[in-house]
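Note that this is a predicted model, so its numbers are computed, not measured.
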Amino acid sequence: MNFSQDAIVKDLVLVGGGHSHVIALRKFGMKRLPGVRLTVIARDVHTPYSGMLPGYVAGHYEFDEAHIDLRPLCQFAGARLYHDEATFLDLNTKLVVCAGRPAVPYDVLSINIGSTPSFSNVPGAKDFTTPVKPINNFIERWQRLVKRVLDSPGPHRIGVVGAGAGGTELLLAIQYRLGKLLAEQGRGKDQLEFHLISRSDAILPYFAVNLQRRFGRLLANRGVNVHTNSQAENVVPGEITTAGGGIITLDETLWVTAAGAPSWLRDSGLDVDESGFIKVYDTLQSTSHTDVFAAGDIAAVINHPRPKAGVFAVRQGPPLTKNLRRVLIGKKAQPFSPQRSFLVLISTGDKNAIAAKWGWSVEGKWIWKWKNWIDQRFVHKFNKLPEMALKKPRKLHPGLADRTILNDISAIAMRCGGCGAKVGANVLTQALSDLEPVANSDILIGLHAPDDAAVVQIPDGKVMVHTVDYFKAFIDDAYVFGQVAANHALSDIFAMGAEAQSALAIATVPFGLEQKVETTIREMMTGAMNVLNEAGATLIGGHTSEGLELALGFSVNGLADREAILRKGGMIPGEVLILTKPLGTGTLFAADMQKKAKGRWIEDALKSMIQSNRKAAQCLYSHGASACTDITGFGLLGHAVEMTKASGVDVEFYLDNLPIFDGALETVRLGILSSLQPANVRLRRAIRNQEEVIKDERYPLLFDPQTSGGLLASVPSNRVQNCLTALHGVGYEYAAIVGRVSAESDNLEPITLTS
Ligand SMILES: Cc1cc2nc3c(=O)[nH]c(=O)nc-3n(C[C@H](O)[C@H](O)[C@H](O)COP(=O)(O)OP(=O)(O)OC[C@H]3O[C@@H](n4cnc5c(N)ncnc54)[C@H](O)[C@@H]3O)c2cc1C
C-alpha cells in the first residue's frame with residue numbers, strides 16, 4: 001500500500017475486473033508507469049475466469065481455482081481497488097459515478113465490465129429466472145439449487161434458456177454435478193430432468209454443423225430434452241411458454257441467452273451500437289471519446305465484429321495495456337486486429353471436452369486435460385504473482401504532462417514544511433464544499449460559521465464524554481479509510497454508553513498536485529462524514545496538514561446521563577461476557593500488505609470495521625450490561641485485563657466461542673501478525689493457564705490489535721440469551737458469548753482460557 005501522491009500526474013481508472021483488465025494490471029505491475037495512479041473499480045473482487053466456470057459448477061474446481069483475486073493483483077500493480085459498481089459517466093468533467101462512493105476522477109478511462117443478461121423484454125424472465133451474470137448472484141442461486149435438490153425428493157426439472165456454447169456447457173456441468181451428488185446419497189439420476197431451450201433451429205447456432213451434431217448426439221445420450229425453434233415468450237413461476245404456444249414445466253430456469261449491455265453507458269453519452277455495446281476503433285478507443293477505452297464483451301470493435309467470448313477479451317489485454325500507456329504519455333494509440341477464428345474448447349461436464357476449429361471437431365478426456373492445463377496456467381499467472389524487486393523510483397516520462405505541471409511536481413519535492421505543512425485554503429474549501437454536517441442545535445459555532453474555534457453547548461443534565469483517536473491509512477481506499485477512522489473514533493463514545501454529539505477532525509494528506517490532494521481529502525472526508533452524520537455527530541472543525549502518509553483521526557464529544565455511563569469497571573461475578581464482532585483485523589491487514597490475504601477476507605473485515613457499535617451499545621445497555629469497552633489496539637486480552645483490573649474480578653474466556661474473521665486463522669498459521677502484536681503479547685502474564693493453551697492456533701488472536709473492533713461487555717446471565725438474540729437481530733451476526741466473570745481469586749493472573 002502506498003498513498004504517496006507526490007508524483008501523481010494522471011489518473012488511469014479501470015472499470016471492471018474483466019479478462020482484459022487483469023492482463024493490464026499484471027502488465028502494469030511488471031512495468032509501472034511513474035506518475036500514473038491506477039484505480040480499479042470492480043463490482044466483484046473475485047473475477048470468474050470464464051473458461052473454468054462450468055468446471056467450477058461441475059465440482060472440478062474450488063472457488064479460488066476458478067477465480068482471479070483482484071486484491072493481491074491490484075497491490076502487485078500498485079493500483080487502488082475500489083469495490084463498487086460504476087453507474088454513470090460524466091464525460092465532460094471526466095468522472096466515474098459509482099453506486100456507493102464519491103465519483104472517481106479520471107484522465108484516461110478503460111471499461112471492461114463484460115455483458116449483462118439480455119431478457120429481450122420477455123415478460124417474467126427477469127423475475128422468475130436466474131441469469132448467469134452477475135456471476136456472484138448466479139453462484140449463490142446455484143448453491144441454493146444444489147441444496148434444494150439434495151434436500152427434497154424429485155423430480156427436479158431444470159431448464160436452460162439459450163443453447164449457445166455457454167448455455168450448453170453450463171447445462172452439462174449442472175447435470176453432471178447434481179447427478180454425482182444424488183448418487184452419493186444413493187439416489188438415481190431419474191430424479192432430474194433437463195431442458196435446453198433454443199430460439200433457433202439448432203443448438204450452438206454460431207458454430208460449425210459438425211460441432212452442432214456432436215453436441216446433439218451427446219445431449220440425446222444424456223437424456224436432455226432439447227427444444228429448438230422455441231423462443232421463450234413468457235415466464236411465470238414453474239412454466240415457460242415458447243413461440244407457438246408450447247409450455248415447458250420447470251422448477252428452475254437459468255437464463256443464458258445473448259449478451260446485453262447496461263443502459264448507463266448509452267445514458268452517459270458514449271457512442272454505443274444498437275445493443276448498447278461501446279463502439280470502439282481498432283485502437284480500442286471509444287468512437288465518441290478517445291480518452292475512454294473499452295475491451296471484452298462490452299466493446300463492439302466496429303471494424304472487427306466478433307462473438308462475445310472470453311478468448312477475445314483475453315487477446316485484447318496486451319494491446320489495451322500498450323495503448324493505455326501510449327495515450328497517457330501523449331503518444332498515438334495503435335490499431336489492433338483480432339484473429340478471425342479461434343480454437344473452441346467446450347467441456348461436457350464429466351472431465352471430457354470437445355475441441356473445434358475450421359469446421360472439424362474432436363472429443364476426448366485428453367482434450368479436457370489440455371483445456372484444464374491451459375485454463376489453470378492462465379489463472380495461475382494472476383493468483384501466483386512474481387515477487388518484484390523494488391527499483392529506484394524512475395523519472396516521470398516527459399510526455400505525461402506539460403512543463404508547468406512537471407515544474408509543480410519538482411516544487412512539491414522541495415516542500416519545506418515551514419508553513420506548518422498546512423493544506424492550502426483553496427484545496428480544502430473545494431474538497432469540503434459538498435460536505436454537509438448533520439444539523440445540531442447544540443452547535444453554536446461550527447463549520448457553518450467558521451471561527452477560531454467551535455462553540456458547543458452541553459444540554460442541561462448531561463455530562464460530556466471526550467475521546468480522541470488518530471491513525472494512518474492501512475488501505476489504499478481513502479473513502480473506506482475515512483469511514484473506518486470515524487467509526488473507530490466513535491466507538492469509545494458508544495462503549496461508554498453515550499451518544500455522539502460533535503467531532504473535530506485531524507488529517508494528514510500526502511503531498512501532491514492540488515487537484516490530486518483535493519480528491520483524496522474529498523473521498524476521505526465524505527466517508528468520514530457519512531459515518532459521523534449517521535451517528536449524529538456534527539463535524540465542527542478540524543485541521544489538515546501535508547505529510548508523507550495519509551492519516552485521519554477525530555476528537556469526538558459525546559453526551560450521556562451521568563448515572564448511565566458504562567465503564568470498564570463494574571463487572572459482577574456470575575455475569576457473562578459478550579463480544580459483538582469477530583477478531584483478526586490485525587493479522588488480516590498485515591497479510592494484505594504482503595499480498596497474502598484473499599480479497600473476500602479483507603472485504604468481510606472492512607464491512608465489519610465500518611459497522612457502527614452504536615446499536616450494539618444500546619442493546620447491551622438495555623439488557624443490563626454492567627461494564628463495556630471497545631476492542632482496539634491492545635487486542636481482546638489487553639482490554640479484558642483493563643476490565644478485570646477496574647472491576648476487581650477474574651474472567652474465563654471460551655476459545656471455542658471466539659468469533660474470528662474468515663482467513664484470520666490462515667494468516668496466523670502463515671506467521672503473519674501485526675507489528676503491534678509483540679507489545680500486546682507482553683500481557684500474556686495475565687493468563688493463568690498459559691502453558692496449556694499457548695499452542696492453540698487461536699491463542700495469537702487474543703493479542704491481535706483490532707481497528708474498529710467490537711464491544712466486550714459483561715451482561716447478567718439471566719438476560720444474556722435475550723441480549724444475544726437482540727444483537728443478532730440488529731445486525732451483529734457474529735456476536736457471541738465468549739466467557740464469564742468470576743470473583744477475584746488469590747491468583748496473580750486474572751484470566752483463564754478454556755476450550
Ligand atoms: C457458462 C459460460 C461459459 C463460458 N465459457 C467460455 C469459454 O469457455 N471461453 C470463452 O472464451 N468464453 C466463455 N464464455 C463467455 C465469457 O464468459 C465472456 O465472453 C467473458 O467473460 C467476457 O469477458 P470480459 O472480460 O468482457 O468480462 P467479464 O469476464 O464478464 O468481467 C467483467 C467484470 O466487470 C465487473 N463489472 C461488471 N459491471 C460492473 C460495473 N458497473 N462496475 C464495476 N465493475 C463491473 C464484473 O464484476 C466482472 O468481474 C462463457 C460464458 C458463460 C455464461
K.L.:
Is E363 salt-bridged to R214, cutoff N-O under 4.0 Å?
P.N.:
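Looking at E363 and R214, the cut-off is met.
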K.L.:
Would you indicate whether the side-chain heavy atoms of P54 and E169 approach each other to under 4.5 Å?
P.N.:
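A side-chain contact exists here, since the closest heavy-atom pair is under 4.5 Å.
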K.L.:
Around Q376, counting heavy atoms of other residues, nucleotides and ligands shown, do more than 12 lie under 6.0 Å from its CD?
P.N.:
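Correct, the count exceeds 12.
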K.L.:
Counting only N and O atoms by type, is there a donor-acceptor contact under 3.5 Å from the side chain of Q285 to the main-chain atoms of T290?
P.N.:
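Yes, the answer is positive, given that a donor and an acceptor are paired below the 3.5 Å cut-off.
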K.L.:
Please assess L150 against K147 for the test side chain to side chain contact (heavy atoms under 4.5 Å, CB included), listing each intermediate value before the final yes or no.
P.N.:
CA-CA 5 Å; L150 294 184; K147 190 168 172 352; 6.0 Å; no
K.L.:
Scan side-chain atoms only and decide if E193 and H156 contain a donor-acceptor pair under the 3.5 Å cut-off.
P.N.:
no
K.L.:
Between S288 and D271, is there a donor-acceptor pair closer than 3.5 Å when you use the side chain of the first and the backbone of the second?
P.N.:
yes
K.L.:
Taking side-chain hydrogen bond (donor to acceptor under 3.5 Å, both in side chains) as the cut-off, I'd like each qualifying pair that reaches into residues 223-241, sequence neighbours left out, listed once.
P.N.:
H195-H227
K.L.:
Got a second to check how far S268's OG is from I278's CD1, nearest 0.5 Å?
P.N.:
9.0 Å
K.L.:
Check the surroundings of atom CD in E436: do more than 12 heavy atoms from other residues, nucleotides or ligands lie under 6.0 Å from it?
P.N.:
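No - once you tally the heavy atoms of other residues, nucleotides and ligands closer than 6.0 Å, there are 12 at most.
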K.L.:
Do side-chain atoms of T242 reach the backbone of G246 as a donor and acceptor pair under 3.5 angstrom?
P.N.:
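Pair found, side chain donor or acceptor close to backbone of G246.
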K.L.:
Within the side chain of H60, is there an N or O that forms a donor-acceptor pair under 3.5 Å with the backbone of G349?
P.N.:
yes
K.L.:
Anything under 30° is parallel, anything over 60° is perpendicular, the rest tilted; go ahead and classify Y61 against W368.
P.N.:
parallel
K.L.:
Compute whether any side-chain donor of one residue and acceptor of the other, for T348 and D350, lie under 3.5 angstrom apart.
P.N.:
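Judged by distance alone, the side chains do pair up.
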K.L.:
Is there a side-chain contact between T39 and L14 in this structure, where contact means two heavy atoms from C-beta onward sitting under 4.5 Å apart?
P.N.:
no
K.L.:
So, for L270 and S286, which heavy atoms are closest and what is the spacing to 0.1 Å?
P.N.:
CD2-OG, 3.7 Å
K.L.:
Under 6.0 Å from the ring centre and within 45 degrees of the ring axis: does the NZ or CZ of R377 meet both conditions for the six-membered ring of W373?
P.N.:
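That pair qualifies as a cation-pi contact.
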K.L.:
Consider only side-chain N and O atoms of T253 and W255, and report whether a donor and an acceptor are under 3.5 Å apart.
P.N.:
no
K.L.:
Does atom OH (Y734) have a neighbourhood of more than 12 heavy atoms from anything else shown, all under 6.0 Å?
P.N.:
no
K.L.:
Could K94 and D291 be called an ion pair, given the rule that one side-chain N must be under 4.0 Å from one carboxylate O?
P.N.:
yes
K.L.:
Do the side chains of L89 and L95 get nearer than 4.5 Å, heavy atoms only?
P.N.:
no
K.L.:
Return the minimal non-hydrogen interatomic distance between G269 and H289, and the atom names on each side.
P.N.:
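Of all heavy-atom pairs spanning G269 and H289, the closest is O-CE1, 3.6 Å.
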K.L.:
Walk me through it: do V161 and V256 pass the test side chain to side chain contact (heavy atoms under 4.5 Å, CB included)?
P.N.:
CA-CA 6 Å; V161 178; V256 198; over 6 Å; no
K.L.:
Is the backbone of G238 close enough, under 3.5 Å, to the side chain of E252 for a donor and an acceptor to pair up by distance?
P.N.:
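Not a single qualifying donor-acceptor pair exists.
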K.L.:
Strictly distance-based, threshold 3.5 Å: is any side-chain N or O of H728 a donor or acceptor partner for the main-chain N or O of A735?
P.N.:
yes
K.L.:
Would you please indicate if the ring centroids of Y49 and H67 are separated by under 6.0 Å?
P.N.:
no
K.L.:
Supply the atom-to-atom distance Y732 OH to S612 OG, rounded to the nearest 0.5 angstrom.
P.N.:
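Between atom OH of Y732 and atom OG of S612 there are 5.0 Å.
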K.L.:
Mark yes when over 12 heavy atoms from residues, nucleotides or ligands other than E62 sit less than 6.0 Å from its CD; otherwise mark no.
P.N.:
no
K.L.:
At their closest point, which heavy atom of I346 faces which heavy atom of A165, and how far apart are they?
P.N.:
CD1-CB, 3.9 Å
K.L.:
Kindly indicate whether a cation-pi arrangement holds for K308 with F277, taking the cut-offs as under 6.0 Å to the six-membered ring centre and within 45° of the axis.
P.N.:
yes
K.L.:
Please list every donor-acceptor pair under 3.5 Å in which a side-chain atom of residues 205-213 meets a protein atom from a residue at least two apart or in another chain.
P.N.:
residue: N210; atom: OD1; partner: S361; partner atom: OG; Å: 2.4
residue: Q212; atom: NE2; partner: L204; partner atom: O; Å: 3.0
residue: Q212; atom: NE2; partner: F207; partner atom: O; Å: 3.2

K.L.:
Taking NZ, NE, NH1 and NH2 as the nitrogens, is one of them in R614 or E534 under 4.0 Å from a carboxylate oxygen of the other?
P.N.:
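No, this pair does not count.
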K.L.:
Can you list the steps and then say if D273 with K279 is a salt bridge (charged side-chain N to carboxylate O under 4.0 Å, His left out)?
P.N.:
CA-CA 6 Å; D273 70 8; K279 284 163 83 173; over 6 Å; no
K.L.:
Is a donor on one side and an acceptor on the other found under 3.5 Å between the side chain of T130 and the backbone of R141?
P.N.:
no
K.L.:
Can you tell me which residue among L109, L38, V292 is in a side-chain contact (heavy atoms from CB on, under 4.5 Å) with V13?
P.N.:
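Of L109, L38, V292, side-chain contact (heavy atoms from CB on, under 4.5 Å) with V13 is met by L109 alone.
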K.L.:
Rounded to the nearest 0.5 Å, what's the gap from CG on L70 to CZ on R43? Could you check?
P.N.:
11.5 Å
K.L.:
With a 4.0 Å cut-off, would you call D251 and R157 a salt bridge?
P.N.:
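Looking at D251 and R157, the cut-off is met.
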K.L.:
Would you say that more than 12 heavy atoms from the other residues, nucleotides or ligands in this model lie under 6.0 Å from the NZ of K607, or not?
P.N.:
no
K.L.:
Side-chain donor-acceptor pairs under 3.5 Å in residues 172-182, sequence neighbours left out?
P.N.:
residue: Q175; atom: NE2; partner: R222; partner atom: O; Å: 2.8
residue: R177; atom: NH1; partner: V57; partner atom: O; Å: 3.0

K.L.:
Within a radius of less than 6.0 Å around NZ of K357, do more than 12 heavy atoms belonging to other residues, nucleotides or ligands occur?
P.N.:
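Correct, the count exceeds 12.
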K.L.:
Is the number of heavy atoms from other residues, nucleotides or ligands within 6.0 Å of CH2 (W360) greater than 12?
P.N.:
yes
K.L.:
Would the distance check show the side chain of S347 and the main-chain N or O of A353 forming a donor-acceptor pair, the cut-off being under 3.5 Å?
P.N.:
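No; judged by distance alone, with no hydrogens or angles, the pair does not exist.
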K.L.:
Once rounded to the nearest 0.5 Å, what's the spacing between atom CG of N112 and atom OG1 of T47?
P.N.:
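Rounded to the nearest 0.5 Å, the CG-OG1 separation comes to 8.5 Å.
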K.L.:
Hey, does the side chain of K189 reach the backbone of A183 with a donor-acceptor pair shorter than 3.5 angstrom?
P.N.:
no
K.L.:
Does a side-chain heavy-atom distance below 4.5 Å link L250 with I197?
P.N.:
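They are in contact (side-chain heavy atoms under 4.5 Å apart), so the answer is yes.
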K.L.:
Check each of D64, D69, D662 against R600 using the side-chain hydrogen bond (donor to acceptor under 3.5 Å, both in side chains) test, and report the only one that passes.
P.N.:
D64
K.L.:
Could you check whether any side-chain N or O of D604 sits under 3.5 Å from a backbone N or O of F661, counting only pairs where one atom can act as donor and the other as acceptor?
P.N.:
no
K.L.:
Is there side-chain contact between H21 and L320, with heavy atoms separated by less than 4.5 Å?
P.N.:
yes
K.L.:
Please check if atom CZ in R199 has more than 12 non-hydrogen atoms from other residues, nucleotides or ligands closer than 6.0 Å.
P.N.:
no
